[in-house]
Protein chains: 2
Amino acid sequence: MLTTTDARLAMDRFRQYLEREGLSWTGPRRTIALLALSARDHFTAQELYEWSRRRDASIGRVTVYRTLALLVSSGLVAERDFVRDRKHYEPISGRPHHEHMICVSCKRIIEFINDEIERLQEIVAKEHGFEIVHHIHKLFGYCSRCRKARARRA
Amino acid sequence: MLTTTDARLAMDRFRQYLEREGLSWTGPRRTIALLALSARDHFTAQELYEWSRRRDASIGRVTVYRTLALLVSSGLVAERDFVRDRKHYEPISGRPHHEHMICVSCKRIIEFINDEIERLQEIVAKEHGFEIVHHIHKLFGYCSRCRKARARRA
DNA sequence: TTCCGTGCAAATGATTTGCAGGACT
DNA sequence: AGTCCTGCAAATCATTTGCACGGAA
């Protein structure tokens with residue numbers, strides 16, 4: 001989980017990034033970046049838009065998308081393809097490596113990590129003379145809540 | 001890889017499925033289903049549409065989408081969320097399960113399978129009350145060939 | 001005066017839905 | 001008559017782009 005301190009540090013880095021790129025540290029960008037960088041979980045552009053609106057009703061959806069693009073370029077936020085119909089984002093700093101389970105029914109995302117799997121995939125790669133740079137391991141299915149709902153219906 | 005025999009068997013099963021549902025075994029459906037069920041790899045609706053068009057120029061894009069939905073309902077074709085902007089499909093029967101290593105340098109794709117990883121991910125899912133429907137495990141990095149080329153250059 | 005930042009409206013692209021003409025029962 | 005099938009056009013929905021105004025250097 002991202003602490004306020006982490007978010008503050010990330011904000012500084014974002015400001016520096018904008019400066020390096022000759023871009024401005026504006027009100028809307030500050031609002032949007034703060035919310036994105038202090039998110040404690042994955043979020044969608046729509047969610048970030050709603051949070052930003054609550055702080056400043058004049059902020060447009062497009063500015064959210066554009067600021068999100070800048071946050072991704074700066075390396076402070078990662079763009080993830082969890083589901084087909086919308087992008088997900090997550091702040092990068094301070095978060096340990098993890099994989100994802102995605103509920104195909106309610107779209108809920110559960111994080112997991114298993115050192116043994118990480119170790120085994122390194123071994124498999126080595127057997128093929130393959131050197132891993134990064135990897136994706138996603139499990140799609142039904143979360144406990146939706147699984148119970150389905151069982152009840154059946 | 002799907003053999004012609006596999007495709008033929010799957011076609012029979014699809015015809016039976018339609019019959020059970022009180023639906024018809026029409027020309028467009030026959031064309032589209034044959035192409036989908038004999039695909040040797042993942043494909044998109046657009047690709048299936050193009051293949052179908054080559055066989056019968058009168059087939060509409062919508063019919064491809066609708067037939068694909070029937071194929072998925074019948075359980076003969078799986079719908080996959082590999083990327084965000086379009087759905088992927090693959091015939092279910094005949095192909096053994098496998099994962100992919102993708103060489104970021106030469107784009108070569110190496111298939112692999114590791115039963116121990118499969119088993120561990122089931123255990124992890126169970127710990128979270130999660131029921132896996134399908135999963136993606138992709139390793140990105142350098143294949144043996146490109147790794148050697150890089151070592152030589154370094 | 002020349003960028004940059006912004007919101008609005010319109011474009012995009014894959015997919016879905018409304019609708020009307022045909023076909024088969 | 002009453003379904004089902006189909007293609008076309010239009011609707012959808014998240015995201016992107018065109019445009020014009022306003023502001024800062």
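These values consider heavy atoms only, across backbone and side chains, with no hydrogens, waters or symmetry-generated copies. Residue numbering restarts at 1 for every chain, and letters A, B, ... go by the order of the sequence lines.
Taking the ring centre of B:Y142 as origin, the terminal cationic atom of B:R147 falls outside the region bounded by 6.0 Å and 45° from the ring axis.
Between A:Y65 atom OH and D:dG18 atom C1' the separation is 18 Å, expressed in whole Å. Atom pair B:R86:CZ and D:dA14:P shows a separation of 19 Å (rounding to whole Å applied). Distance, A:E21 CD to C:dC3 C1': 15 Å, rounded to whole Å. One interatomic measurement links the two molecules: CZ of A:F43 to C1' of D:dA14, which rounds to 16 Å at whole-angstrom precision. Between B:R61 atom CZ and D:dT12 atom P the separation is 20 Å, expressed in whole Å. We find that CG of A:L18 is positioned 17 Å from P of D:dA24, with the value rounded to whole Å. For A:Y89 and D:dA14, the OH to P distance is 13 Å, given to the nearest whole Å. For the pair A:R30 CZ and C:dT6 C1', the computed distance is 15 Å after rounding to whole Å.
Each of B:H88 and B:R66 was matched to the nucleotide of DNA chain C holding its nearest heavy atom; the match closer to the 5' end belongs to B:H88. Toward the 5′ end of DNA chain D lies the nearest nucleotide of B:S58, the other residue of the pair A:A45 and B:S58 mapping further downstream.
B:R29 comes within 4.0 angstrom of sugar-phosphate atoms only, judged by non-hydrogen atoms across all strands, and of no base. The residue A:T44 sits apart from the nucleic acid: no heavy atom pair falls under 4.0 Å.
When each of C:dT16, C:dT15, D:dT17 is scored by its nearest atom to the side-chain atoms of B:V62, the top-ranked nucleotide is C:dT16.
At distances below 3.5 Å, at least one donor-acceptor pair connects side-chain atoms of B:R53 with backbone N or O atoms of B:I59.
Linking ILVMFWY residues whenever their side-chain heavy atoms come closer than 4.5 Å, directly or via other members, places B:L23 and B:V64 in the same cluster.
In this model, the phosphate group of D:dC4 is not approached by any side-chain N or O of B:S24 to a distance below 4.0 Å at OP1 or OP2. Under 4.0 angstrom from either OP1 or OP2 of D:dC13 there lies no side-chain N or O belonging to A:K87. OP1 and OP2 of D:dC5 both lie 4.0 Å or more from every side-chain N or O belonging to B:T26.
Under the 30°/60° scheme for interplanar angles, the aromatic rings of B:H98 and B:H100 are found to stand perpendicular.
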Check: Can B:H134 and B:H97 be said to form a ring pair (Phe, Tyr, Trp, His ring centres under 6.0 Å), step by step?
Finding: CA-CA 10 Å; B:H134 66 97; B:H97 170 68; over 10 Å; no
